Amino acid sequence: MPAGNNAHSSPSHPQGTFAVIDFETTGISPECGARPTEIGVVILEDGVIVDTYESLMNPGVHIPYFIQELTGITDSMVRHAPDVGTVMQEVTEFIASHRLVAHNAAFDSKFLDAELIKLKRPRDKEMLCSLMLSRRVFPEIPSHKLSSLVETLRLPSTKHHRALADATAAAHLLMHIQRELEQRFDLDHVSHEMLLSIQQATRAKLEKCIAEFMKAPK
DNA sequence: TGCCAGGCCCTCTTTAGGGCCTT
C-alpha cells in the first residue's frame with residue numbers, strides 16, 4: 001500500500017512540468033539531526049495543478065515542542081506513520097523527471113538531498129526557488145514569507161505550516177510569477193529556463209537578463 | 001527545554017555585518 005495520498009494518477013512526467021515540494025521537519029538542518037515529518041508535493045502542468053502527494057512520516061526522533069505548536073504535527077501523529085525512507089522512495093518516483101520548485105529551496109533541498117543520498121539516488125536537477133523569484137519579480141513587497149505573499153498577492157491557501165498546504169501555496173505563487181512575467185514582458189510562455197535565468201540574475205540586472213533571454217535563439 | 005544552519009540580499013559594503021527565510 002502506498003505511504004502517501006495522491007489525488008490523481010500521473011502516468012507520464014513530461015519535461016516542462018513542475019513539482020513543487022514542501023517539507024515539515026523536526027528542525028532547521030539535517031546536519032544537526034533534524035528529520036522530515038511530512039512532505040507535500042504539487043505537480044503543475046501548463047498552469048494547472050494536475051496531481052498532488054502528501055504523507056506524514058516517522059522521523060525516528062522527538063519533535064521539539066515549539067515545532068509541534070508551529071506545525072500541529074505531534075509525536076503521536078507520526079508514531080505509526082511510515083518511516084522516512086519508505087515515503088521518500090515513493091516521492092522519488094512521484095517527482096520523477098519534473099522540474100523541482102520550493103519556497104526557500106535552500107532549506108527543502110538540504111532535506112531532500114539528505115534523504116536521496118541515503119536512497120543512492122542523488123538529485124540531478126537544480127531546484128527553482130519561489131522565494132528568490134518573488135524577490136526578483138516583486139521587489140516592492142516588504143515580506144517574502146510564504147504566508148505574507150499569500151496575503152499580499154491574495155493567493156489561494158488553506159492551513160499554513162502543513163506540507164501540502166504550503167506546497168499548494170508555493171505552486172500558486174509560481175503561477176502568479178509566471179503570469180506577471182507574461183504580462184510585463186508580453187510573453188506567450190515563461191519557461192523553466194527563463195525562470196532559472198531570472199533566479200540567477202541579480203535584482204539590478206533582471207531587466208537585462210530577461211531582454212537577453214528573449215533575444216536568444218530558441 | 002532550547003538551541004542547532006546557511007544562502008541570499010542590502011548597505012552605514014566589498015578585507016563586513018545583519019536581516020530575511022525555511023522548521
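Owing to the predicted nature of the structure, the values given are computational and were not obtained by experimental measurement. As a basis for the values below, the full set of heavy atoms in this structure was taken, side chains included, without hydrogen atoms, waters or symmetry mates. Within every chain, numbering begins at 1; the chains are lettered A, B, ... in the order of the sequence lines, protein sequences first and strands thereafter.
- Sorted by first and then second residue, the salt bridge (Lys or Arg N to Asp or Glu O under 4.0 Å) pairs with a member in residues 19-31 of chain A form an empty list; sequence neighbours excluded.
- Between A:His161 and B:dT23 there is a side-chain N or O to OP1 or OP2 distance below 4.0 Å.
- Heavy atoms of A:Tyr65 sit nowhere under 4.0 angstrom from any nucleic acid atom.
- If you take CD of A:Glu38 and C1' of B:dT22, they are 15 Å apart, rounded to a whole angstrom.
- Residue contacts for A:Ser143: at a heavy-atom cut-off of 4.0 Å it reaches the sugar-phosphate backbone alone, with no base atom in range.
- Using atom C1' as the reference point in both B:dC8 and B:dT14, the two lie 16 Å apart (nearest Å).
- Atom name P, nucleotides B:dG2 and B:dC9: the rounded distance is 33 Å, in whole Å.
- With no hydrogens or angles considered, no side-chain donor-acceptor pair links A:Thr71 and A:His161 at under 3.5 Å.
- B:dC8 atom P lies 13 Å from atom CG of A:Leu133, rounded to whole Å.
- Counting to the nearest Å, the P atom of B:dG19 and the CZ atom of A:Arg135 are 14 Å from each other.
- At whole-Å resolution of the value, CG in A:Asp108 and P in B:dG7 are 15 Å apart.
- Judged purely by distance below 3.5 Å, without hydrogens or angles, the side chains of A:Asp166 and A:His103 never pair a donor atom with an acceptor atom.
- Taking atom CG of residue A:Asp113 and atom P of nucleotide B:dT22, one finds them 19 Å apart after rounding to whole Å.
- Between A:Asn104 atom CG and B:dC9 atom C1' there is a gap of 13 Å when expressed in whole angstrom units.
- When atom types are taken as modelled, the side chain of A:Asp75 and the backbone of A:Ile63 share a donor-acceptor pair closer than 3.5 angstrom.
- Within 4.0 Å (heavy atoms only), A:Asp22 reaches sugar-phosphate atoms of the nucleic acid but no base atom.
- Within 4.0 Å of A:Leu131, counting heavy atoms only, lie sugar-phosphate atoms of the nucleic acid but no base atom.
- The NE2 atom of A:His144 sits 12 Å away from the C1' atom of B:dC10 (whole-angstrom rounding).
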